[in-house]
Amino acid sequence: MKNNSTDNIKLGVFVLGALFFLILLLYMIGKNSNMFGDNYILKTRFENVQGLKAGNNIRYAGIDIGTVKSVYFINDTMMEVKMVIDKKAKNIIKKNALVYIGTDGLVGNKLVNILAVKADAPYAVENDILPSKKPVDTDEMMRTLSKTNNQVSKIAEDFSITINKLNNSKGLWQLLNDHTIADNISNASIQVNKSSYKINEIANKINDIADVLKNGNGTLPKLINDKNLADSLTAAINNFKTAAYEITEAGKEINHSVALISKEVNDGKGSIHAILKDTSVTILLEKSMENIETGSKGFSDNMDALKHSFLFRGYFRRLEKRNKQ
Amino acid sequence: MDSYINAGNFLKEVGEIARFTLKFLITWFKPRYEIKEFFKQCYVIGYKSLPLIGLTGFIMGLVLTMQLRPSMVDYGVESELPAIVGIAIIREIGPVITALIFAGKIGSSIGAELGSMKVTEQIDAMEVSGTNPFKYLVVSRVLATTLMLPILAILSDAISLYGAYLGVNIKGETSLQLFWIQVIDSLSFNDVIPAFIKTYFFGFAVGIIGCYKGYNSNKGTEGVGKSANAAVVVASVLIFIIDLLAVQITDLLGYN
């Protein structure tokens with residue numbers, strides 16, 4: 001009898017131990033699926049859920065905060081995902097948080113990521129629909145990649161044709177094998193090198209000149225650098241402009257006068273006309289000129305007589321000495 | 001001609017097992033209930049099998065982890081080792097290996113025990129003394145195997161997981177907490193519940209085959225050995241057949 005009860009106790013411990021482990025396992029799995037504890041529901045909508053299914057994790061900033069409860073159709077182009085979120089995240093997820101579908105690692109299970117947006121918004125409450133971001137469509141990516149591959153293939157084909165043409169071009173290979181061209185190019189490069197050396201020297205000299213012009217004390221630097229001189233030059237140019245203007249005005253007046261004189265001459269009026277056109281005046285003038293010539297000759301003779309006179313000889317010698325000095 | 005005879009014998013055997021099962025199902029509900037014998041059998045079948053089941057479970061977890069590690073390292077997913085081992089143990093290795101060991105130990109013992117009782121006419125004596133031998137011997141044993149195998153399978157899972165934890169830590173370093181979290185994260189109810197339910201069927205199969213073979217034993221002591229051997233072989237095959245059916249049904253129901 002005693003044996004029986006001991007065996008039964010052992011059996012009880014054995015069964016309870018197994019049940020404890022089973023219940024613990026189920027509880028942990030249930031807790032993991034947010035079956036126990038305080039939760040609330042948030043929703044989001046996608047055009048394509050990419051294989052997301054009930055039980056997939058919801059992740060916020062890398063922390064698992066819930067699971068997908070269900071995925072169902074709203075209409076022909078829109079799916080609604082119902083998410084069970086731990087109530088601890090109630091004061092964290094805002095109404096403007098972005099939801100997108102990702103994968104756990106490269107080849108892992110699908111999961112829903114909730115991304116916080118910096119803009120301010122109230123906290124999401126039960127049954128709120130969070131905005132979603134279109135997931136990266138791998139099919140579209142593959143299509144684009146395929147298109148790119150085709151284009152690359154075509155380019156490679158064209159490139160191959162071009163290379164073949166280049167390979168089969170006798171002229172090109174002749175050109176490439178001709179050593180004289182290489183020598184010429186080499187010589188040309190030497191000449192270019194020398195020229196560049198000389199250009200460099202010239203540039204240095206120009207630089208020196210520029211330095212002198214900038215910092216030197218000569219006339220040209222002053223002309224360039226002296227502000228007073230520049231002002232004076234400006235004033236001189238202005239004066240020159242004024243003078244030119246005045247000369248132009250005077251020229252105009254002279255022209256006017258000449259025109260008047262010409263008119264008077266042509267009209268037979270005034271003294272000029274008398275001088276130029278009246279023959280009697282001309283004869284008188286000729287006679288006067290003859291008299292002046294005769295008078296001046298006489299005056300010259302008198303002066304020679306004076307030079308040789310003892311009274312004035314001394315004066316003329318002193319005048320000659322002064323002129324020589 | 002031999003194959004026809006064999007096919008005929010096989011079908012006859014299947015029919016007799018079906019009749020035996022039906023008799024069990026009918027007798028089970030009818031009083032009087034052999035409670036004391038049932039608990040005694042639970043103790044012998046369940047509790048006494050724990051060391052063997054625990055040892056095989058522990059070795060299975062450890063070996064499985066060590067065998068999986070190189071491939072996981074090659075694929076660069078060494079960190080997923082606890083998850084993979086956890087799923088393998090809970091879904092398949094734990095229940096099936098436990099059931100096979102259980103069939104080896106309990107199936108053969110029931111077959112031999114009932115077989116020897118049969119050939120020594122103890123069963124007939126029980127019937128003469130007014131005790132229902134079927135109820136006393138078969139129902140208590142089949143119920144005990146049916147209820148104890150799930151318990152053993154759960155404990156075997158726990159011990160296997162501990163073996164796997166040690167296996168992970170032989171060449172790596174993972175805390176028990178992280179290992180446990182990784183295992184739980186990878187599991188769902190769909191992994192645990194179908195695996196748990198199928199162990200009832202495994203237990204029932206082991207019990208019913210062991211009892212059938214023992215209860216229908218003949219040809220003296222030679223028949224006892226044959227009964228024990230046949231009980232193990234048929235029960236083991238039946239475990240795999242049930243496992244195949246279980247995975248098909250789970251898949252059809254969408255719980256896989």
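All chains are named by letter (A, B, ...) in the order of the sequence lines, taking the proteins before the strands, and each is independently numbered beginning at 1.
- Two rings, from Phe189(B) and Phe196(B), have their centers 6.0 Å or more apart.
- Shown here is Lys31(A), whose NZ atom has no more than 12 heavy atoms of other residues, nucleotides or ligands within 6.0 Å.
- Under a 4.0 Å N-O distance rule, the pair Glu34(B)/Lys135(B) does not qualify as a salt bridge.
- With a 4.5 Å cut-off on non-hydrogen atoms, Asp185(B) touches chain A through its backbone and its side chain both.
- Contact annotation for Ile90(B): only side-chain heavy atoms (C-beta onward) come within less than 4.5 Å of a heavy atom of chain A.
- Note: Ile29(A) leads Ile29(A), Leu25(A), Leu22(A), Leu19(A) in heavy-atom pairs under 4.5 Å with chain B.
- Of the two parts of Leu161(B), only the side chain, counted from C-beta on, holds a non-hydrogen atom closer than 4.5 Å to a non-hydrogen atom of chain A.
- Contact annotation for Ile181(B): neither backbone nor side-chain heavy atoms come within less than 4.5 Å of a heavy atom of chain A.
- Using a 30° and 60° split on the angle between ring planes, Phe204(B) and Phe24(B) fall in the tilted class, from 30° to 60°.
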Side-chain donor-acceptor pairs of residues 93-101 of chain B under 3.5 Å, sequence neighbours excluded:
unit_1	atom_1	unit_2	atom_2	d
Thr98(B)	OG1	Gly94(B)	O	2.5
Thr98(B)	OG1	Ser156(B)	OG	3.1

